[in-house]
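When a ligand or atom number is given, it counts from 1 through the structure's own listing order.
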Amino acid sequence: MIRHLLSTADLSRADALLILDTAEEMARLTAGRSVKKLPTLRGRTVVNLFFEDSTRTRTSFEVAAKRLSADVVNFSAKGSSVSKGESLKDTALTLAAMGADGVVVRHAASGAAYRLATSGWIDARVLNAGDGTHEHPTQALLDAFTIRRHLGPLDGRRIVIVGDVIHSRVARSNVALLSTLGADVVLVAPPTLLPLGVEQWPVEVAYDLDGVLADADAVMMLRVQRERMNAAFFPSAREYSRRYGLDVRRFARLPESAIVLHPGPMNRGMEITADVADSPRSVIVEQVSNGVYVRMAALYLMLAGADDDVMSAQEGAA
Ligand code: NCD
């Protein structure tokens, strides 16, 4: 198993399946139980280091670490010395001095998690919770977990990812992971929202959403990331929704078994209409619950001693 979780491109098929299977195990051990805690990471300290805003990912990592009995420190850049200009290095040295075993980091700069993991500033395991427009590996893992729960193994499944691909670390992480797991990935976006060099990615590219829906097993809608846009990428919000938004009319073109995903936060009415987001075939709320199991699995695999057979010990005690 890898030492840090920085990018889904680092995961072999066996690594990825181990994380997904461990997440299933976490769900089995905690879902529906009145006491959801496992003793696995007792005595370990996990620091949530968030330089960028987050609701879902930060709380999900916090809940995951707490369910494994780790001590959790939440460090957000607002209200910390980072807002006084403290660097990533000084922040890392401070966390190291406090004895962090695991650092979950989100940062606006692509490569920040990699820098933290390889700089030698800190000895902790690093889990990337989103670095700029680069990667968001636990999001892709929870997406794959959710798809697998509904559709079974991903081999040969056709997954359509729609929208603001150029700014999306979720799309990048998903393309690498889903193709490692044997899925066929189709990217649909206006040409202005596709990154340079996309023809080298292991994907098909399409510009017409209506044309790809009939064969889709799952559709993942991406948020239009206006905060990362410093120019006009499309004529107007209305025009974008008309061509690339998922509304009821388009939804009706999907096969009956197909599911709809969105990493959140949603721009309702922009990339997805409210009726589609809230429909029974939307798994958006499930993605959030599954995120906790996947992050428990990642924290467990990174931080628990290799020889701890804590999960079976817990079962014996239960
Ligand atoms: C994503 C992110 O931050 O990259 N959100 C998330 O983690 N749930 C996607 C987004 O912000 O659009």
Side-chain angles (χ1 to χ4, degrees), residues 5-9 23 48-65 74 76-78 104-114 126-147 159-178 187-189 193-195 218-230 233-234 237 240-241 244-246 260-272 276-277 282-296 298-299:
L5 182 55
L6 305 177
S7 155
T8 53
N48 266 331
L49 184 60
F50 278 65
F51 293 91
E52 248 193 3
D53 292 340
S54 167
T55 316
R56 261 158 284 263
T57 307
R58 193 189 61 69
T59 46
S60 178
F61 266 112
E62 180 173 357
V63 170
N74 284 315
S76 72
K78 276 181 206 138
V104 175
V105 62
R106 169 169 286 196
H107 200 286
S110 300
Y114 182 80
V126 176
L127 292 94
N128 183 5
D131 61 326
T133 58
H134 177 228
E135 280 244 19
H136 190 356
T138 58
Q139 178 68 44
L141 285 159
L142 78 86
D143 294 334
F145 180 89
T146 306
I147 298 169
I159 319 287
V160 177
I161 303 180
V162 188
D164 189 357
V165 177
I166 196 171
H167 298 111
S168 180
R169 52 199 179 200
V170 175
R172 270 178 195 73
S173 286
N174 264 298
V175 166
L177 180 67
L178 295 173
L187 299 179
V188 185
L193 290 180
L194 285 169
V219 183
M220 184 183 300
M221 302 308 296
L222 300 172
R223 182 173 66 88
V224 174
Q225 304 201 15
R226 290 187 225 219
E227 79 279 17
R228 298 191 208 276
M229 295 186 185
N230 47 18
F233 285 81
F234 45 82
Y240 181 86
S241 308
Y244 294 100
L246 191 61
V260 176
L261 300 100
H262 191 302
M266 285 182 273
N267 295 310
R268 284 173 183 255
M270 178 92 175
E271 67 267 359
I272 189 166
V276 173
S282 144
V283 296
I284 298 169
V285 177
E286 245 177 271
Q287 285 174 271
V288 179
S289 321
N290 292 342
V292 175
Y293 306 135
V294 163
R295 289 170 179 128
M296 286 174 81
L299 288 167

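The closest protein non-hydrogen atom to atom 12 (O) of ligand 1 is R223 NE, 2.7 Å. The protein heavy atom nearest to atom 4 (O) of ligand 1 is R169 NE, 2.7 Å.
The atoms of ligand 1 that sit less than 4.0 Å from any heavy atom of T57 are 6 (C), 7 (O), 8 (N). Set against the non-hydrogen atoms of R106, the atoms of ligand 1 under 4.0 Å away are 2 (C), 3 (O), 7 (O). Residue P263 approaches ligand 1 through these ligand atoms, each under 4.0 Å from one of its heavy atoms: 8 (N). Those atoms of ligand 1 with a heavy atom of V170 less than 4.0 angstrom away are 1 (C), 4 (O), 9 (C). Residue-ligand proximity, P265 to ligand 1, at heavy-atom distances under 4.0 Å covers atoms 11 (O).
The side-chain heavy atoms of L193 and I166, taken from C-beta on, include a pair separated by under 4.5 Å.
Of the listed residues (E52, R56, H136, Q139), the one carrying the non-hydrogen atom nearest atom 7 (O) of ligand 1 is H136.
Evaluation of the salt bridge (Lys or Arg N to Asp or Glu O under 4.0 Å) rule for R226 yields no partner, not counting sequence neighbours. With sequence neighbours left out, the ring pair (Phe, Tyr, Trp, His ring centres under 6.0 Å) criterion links F234 to Y240.
Relative to the ring axis of F61, R295 places its NZ or CZ within 45° and under 6.0 Å from the centre.
Aromatic rings from H167 and F233 are positioned such that their centres are separated by under 6.0 Å.
Close N/O approach between G264 and ligand 1 is found [any backbone or side-chain N/O within under 3.5 Å].
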